[in-house]
Amino acid sequence: MKVGDRVRVKDSVVVYHHPEHRNQPFDIKGTEGDVVNIATQWRDRPVSANLPIVVQFNKKFKAHLRENELEVI
């Protein structure tokens, strides 16, 4: 997986920061978006992030996910 890939959430992932469902559980399974970043470095130091893949779903909604929760389309 690399920056720019179009991906779909294949597992059930519940988020609480979706702009249309703020502070309520919302399952994003099946939602499609673009990979905008892969968190491997922070201030020029390598990091091992728990949720390294940053996916932009729409203009207002972005989420950090694991690679095994996504599929490239």
Side-chain angles (χ1 to χ4, degrees):
M1 210 169 293
K2 61 187 183 304
V3 174
D5 283 351
R6 185 85 176 153
V7 294
R8 179 184 303 123
V9 180
K10 67 178 183 178
D11 293 335
S12 179
V13 178
V14 177
V15 297
Y16 289 83
H17 66 282
H18 192 277
E20 296 170 7
H21 306 278
R22 180 77 60 190
N23 297 325
Q24 299 172 359
F26 183 71
D27 191 1
I28 59 172
K29 182 177 182 179
T31 309
E32 296 180 6
D34 298 312
V35 176
V36 292
N37 192 10
I38 299 176
T40 57
Q41 295 226 330
W42 184 72
R43 294 189 181 175
D44 298 326
R45 289 190 227 164
V47 295
S48 59
N50 293 334
L51 305 169
I53 312 294
V54 182
V55 180
Q56 182 84 41
F57 293 103
N58 61 34
K59 186 177 179 182
K60 293 184 176 183
F61 180 53
K62 181 188 309 189
H64 293 249
L65 300 164
R66 292 181 185 94
E67 191 169 348
N68 63 348
E69 297 170 334
L70 300 169
E71 63 183 351
V72 178
I73 53 175

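Note: hydrogens, waters and symmetry copies are ignored here, and every other heavy atom, side chains too, is used. Predicted, not measured: the structure shown is a model, and the values here were computed from it. Throughout, residue positions are numbered sequentially from 1 according to the sequence presented.
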Report task. Report yes or no: do Trp42 and Val3 belong to one cluster of Ile/Leu/Val/Met/Phe/Trp/Tyr joined by side chain heavy-atom distances under 4.5 Å? Result -> no
Query - hydrophobic_cluster_shared for Val72 and Val36, side chain cutoff 4.5 Å - result: no
Is there a side-chain contact between [X] and [Y] in this structure, where contact means two heavy atoms from C-beta onward sitting under 4.5 Å apart?
| X | Y | answer |
| --- | --- | --- |
| Arg66 | Ile53 | no |
| Tyr16 | Asn23 | no |
| Val7 | Val55 | yes |
| Leu51 | Leu65 | no |
| Leu70 | Met1 | yes |
| Glu32 | Ile73 | yes |

Say you draw a straight line from [atom1] of [X] to [atom2] of [Y]; how long is it, rounded to the nearest 0.5 Å?
| X | Y | atom1 | atom2 | answer |
| --- | --- | --- | --- | --- |
| Thr40 | Arg45 | OG1 | CZ | 14.5 Å |
| Arg8 | Lys29 | CZ | NZ | 11.5 Å |
| Lys60 | Glu20 | NZ | CD | 8.5 Å |
| Arg43 | Gln41 | CZ | CD | 13.5 Å |

Query raised in the report: How about Phe61 and His17: are their ring centroids closer than 6.0 Å?
Result: yes
Query raised in the report: Which atom names give the shortest non-hydrogen contact between Asp11 and Val9, and what distance separates them?
Result: O-CG1, 3.2 Å
Query raised in the report: Of all heavy-atom pairs between Val47 and Ala39, which one has the smallest distance, and what is that distance?
Result: CG2-O, 4.1 Å
Requested in this report: Give the ring-plane orientation class for Phe26 versus His21, where under 30° counts as parallel, over 60° as perpendicular and anything between as tilted.
Outcome: parallel
Query - Those residues that, when tested against Lys59, pass side chain to side chain donor-acceptor pair (under 3.5 Å) (two or more places apart) - result: none
Requested in this report: Take atom CG of Asn68 as the centre, draw a 6.0 Å sphere, and report whether it contains more than 12 heavy atoms from other residues, nucleotides or ligands.
Outcome: yes
Requested in this report: For Asn37 and Val54, indicate whether the former's side chain and the latter's backbone hold a donor-acceptor pair under 3.5 Å.
Outcome: no
Query raised in the report: Is Glu71 salt-bridged to Lys10, cutoff N-O under 4.0 Å?
Result: no
